[in-house]
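We count ligands from 1, going down the list as the structure has it; atoms in each ligand are counted the same way. All heavy atoms count here, side chains included; hydrogens, waters and symmetry mates do not.
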Amino acid sequence: MASDIFGNPLPPEAPEDEGLPPPPPQEGPGLFGEPDPPAAAAPPPPPAPVAATGTPYRVLARKYRPQNFADLIGQEALVKTLRNAFAQGRVHHAFMLTGVRGVGKTTTARIIARALNCIGPDGQGGPTPDPCGVCAECRAILADRHPDVQELDAASNNGIDDVRELRERLRFRPAQGRFKVIILDEVHMMSTAAFNALLKTLEEPPPDVKFMLATTELRKVPTTILSRCQTFHLRRVPQDQLMAHFQRICGLEAVPAEAEALAMVARAADGSVRDGLSILDQAIAMAGGGGVTAEAVVDMLGLAERGLAVSLMEALMAGDAAAALALSEQAHARGTDPGVVLSDLLELTHLLSRMKSVPALRKDPALPEAERVRGAQLADRLSIPVLARCWQMLLKGMQEVAQDGVDRRAAAEMVLIRIAHVAELPTPGDLVRRLTEQGAGAPAGPAAPPPGGGGLRAIAGGGAAMAVAQAVAAPVEAVAAPVVATYRDIAALAHGRKPMLHAHLVHSVHPVKVTPGRVEIRTKPDAPRDLAQQITALLLETTGTRWTVALSNAEGEPTLADQGRAAEQDRRALARTHPLVQAVLEAFPGATIEAVRDASLDNYGLPPPSADSDPGRDFAPPDAEPAGLDDDISPED
Ligand SMILES: [Zn+2]
């Protein structure tokens, strides 16, 4: 059989890897994201450890590969379901195993293959959830040499021809075992044509064929395939279970290991047993016969960089741009990519925010000392809004650094400088609170620059504008008058009901006078001729009363549209004179009033007539004829 059929997806198992510790995991970034290749403090390749007997060293991931369901850690739900299926003799003909890299998908598939084919020590057994491990079938599968258990890497067997060939082979009965078991790893890599070719086989497989599909990217697998499989989600193994597992293995290997070291390995494994064991392999190799220490693991995982991230965060949050740049220079000198520096800071920001929410995290042994102690101090000093702002700026900064053609280092430095500058600025919420506490009448020049900070500098207009909006919106009384007492009430009746009429009422009509049952208007030349009839119809329809609509030659008020515009200008002028707003504008030079929002305003941007206690807000000029803008409706004279 072609050797490529037995694609072996596990690097630690590749024969050429025997005797050498596997490379550090490329996934499973742990808290601070994996360093980019240039940033990785690549430990010198340790000497290949050799067991005392002289037999070649077997990597832990292979040596301790789970042999049966009981060995599968962290997958209790899956194991329970599979055990039930075997107990009832109802084993589905196609499984889809999904989960992150190294979580045990193909391992599970092989255990199922053994469970299906095991004949027991006496050669009389049937399918069992507890394969014996000693019968010929079990041993052949364990050794990857069972003719009926085929493991294919879909990444390299992804064409339609591969699937045809596979189908061809499935026509024959199993050569040795009870079932042919086809393990298709990374199945999402198959071409559409290959999927389609596979579909038919999956639908009606020969009775002695079982499919085990595995994928890290379930969403890339067509639903037509998924619907024919029983899907199992292998979850990331929780950190404490991983740590306990590693402790057990160190015990079996007779390698002393500090608990803190193993906790860090478990954290870096990020839910993957295989990645964790690869790291542990490396740590044991580096210990060179001694114990695995936390210090060595910190070095090995490049966790020293994380100490730098904490220092950098301290400098940034103190507004000390110079110190921050010096630290970034250090990272650069060590070969750390500027993007990694920012992403470390991002992760740290997340950690600090979590520390504020979950105090127990401060005792998490998986955190390096720098984060546990200094991180906790930082978390105490910083508020959630400040951390949230930092998070936003870092996210945006990382995009800038990633842009094509950008000098990454310069871009990253600009981000750091920006963060240092705003670090000690109060957040908009803080500012309003502080100013409000001082009293709105306090002289402009509000928040004294915080001690040691970079001073108050320009900030994006949005924040200040938001503060302004909050500040001015205070005097609010919502009033809705269902009665038709003003011209605006009439216009509002058309709103949403007669859009064209509404537009005319707002833009083309000068209200002159409104009294009960009668409205006088002066229309602009662009108003439709039958506008009066339309208004009459509207009023009749909505109020059930016949109104008189009279066209007048009197000047009347400006149109509602003009009134709204004027009112907006008034509000801006008013806002600009408000002490609180002046204080904000002074604190943030360059800030502009973006909008003045007043929840009490109606659709026309005008205050409710009855709530209007401020004569300054009256629109009509003092000499104008009293009209319907306010509530002083007098009987017609
Ligand atoms: Zn067996």
| Can you tell me if CD on Q176 sees more than 12 non-hydrogen neighbours from other groups inside 6.0 Å? | yes
| remark: So, leaving waters aside, the tally of protein N/O/S atoms less than 2.8 Å from the Zn ion (ligand 1) stands at 4
| message | Would you say that I119 contacts R178 through its side chain, given a criterion of any heavy-atom pair below 4.5 Å between the two side chains? | response | yes
| field | Rounded distance [0.5 Å steps], CD1 in I249 versus CD in Q247 | value | 11.0 Å
| Is the gap between the ring centers of F95 and F232 under 6.0 Å? | yes
| task | Kindly check if the number of other-residue, nucleotide or ligand heavy atoms within 6.0 Å of CD (Q88) is above 12? | result | yes
| task | May I ask you to check whether T216 and R101 show a side-chain donor-acceptor distance below 3.5 Å? | result | no
